[in-house]
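What follows is a set of notes on a single structure, which appears directly below.
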Amino acid sequence: MKARPSWDHYFFEITKLVATRSTCIRRDVGAVIVKDKRILATGYNGAPSGLPHCLDAGCLREELKIPSGERQEICRGIHAEQNALIQAAKFGISVEGAMIYVTHHPCVVCAKLLINAGIREICYLEDYPDELSKSMLKEAGVVMRRGDL
């Protein structure tokens, strides 16, 4: 008999596929917002619509040798979590009480947006060096779960 993947495995695999659309030079990140085992929205990291991709325009963070987890404002890209939230908002989809699968632990900017959007659980595959993000999510009572594939 054929074995079916767990829901976590299923959504993490989709999240990894979404990340393949990334145009970031540093890291490919994907996000999938899920509620009641249904996909509400997806997002990947890249430049705003209609603007040159980082792959084409270059990366100022790389040029300035800015470490991961620092100075996110010096980036032309939008993070995967932000793009997923924007997609949901653009199409009038409430994410209140939903969960998000992400390839990487959210940065502090994304953490604040996810908290205020009402995301109740974050499942991620890889860590990200942002202690403020971790402490704010914990303080807000957001369930954090690191998955593995």
Atom [atom1] of [X]: over 12 foreign heavy atoms under 6.0 Å:
X	atom1	answer
Asp148	CG	no
Asp36	CG	no
Arg71	CZ	no
Arg26	CZ	yes

What are the two closest heavy atoms between [X] and [Y], and how far apart are they?
X	Y	result
Ala57	Pro52	CB-CB, 4.1 Å
Pro5	Tyr10	CB-N, 4.4 Å
Arg76	Leu51	NH2-CB, 4.0 Å
Ala98	Ile33	CB-CG2, 3.8 Å
Val29	Thr103	CA-OG1, 3.2 Å
Asp28	Ser22	OD1-OG, 3.3 Å

Evaluate the criterion side-chain hydrogen bond (donor to acceptor under 3.5 Å, both in side chains) for residue pair Ser68 and Arg27; output intermediate values, then yes/no.
CA-CA 10 Å; Ser68 289; Arg27 117 183 343 104; 3.3 Å; yes
Can you confirm if the aromatic rings of Tyr124 and His105 lie within a centre distance of less than 6.0 Å?
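Yes, ring centres under 6.0 Å apart.
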For a side-chain contact (heavy atoms from CB on, under 4.5 Å) check, start with the C-alpha distance between Arg145 and Tyr101, then their side-chain angles and the critical distance, and finish with the verdict.
CA-CA 10 Å; Arg145 199 159 42 86; Tyr101 286 86; 4.3 Å; yes
Going from NZ on Lys112 to CG on Leu132, what distance comes out if it is rounded to the nearest 0.5 angstrom?
7.0 Å
Nearest 0.5 Å, what's the NZ-CZ distance between Lys35 and Arg120?
8.5 Å
Could you check whether the rings of Trp7 and Phe11 sit parallel, tilted or perpendicular, using 30° and 60° as the cut-offs?
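If you compare the ring of Trp7 with that of Phe11, the planes turn out parallel.
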Side-chain contact test, heavy atoms from C-beta onward, threshold under 4.5 Å: evaluate it for Ile39 versus Ile14 and give yes or no.
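A side-chain contact under 4.5 Å exists here.
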Joint cluster assignment, Val102 & Ile115, ILVMFWY side-chain distance < 4.5 Å
yes
Please answer: with hydrophobic residues joined when any side-chain heavy atoms are less than 4.5 Å apart, are Phe91 and Val95 in the same cluster?
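Phe91 and Val95: one cluster.
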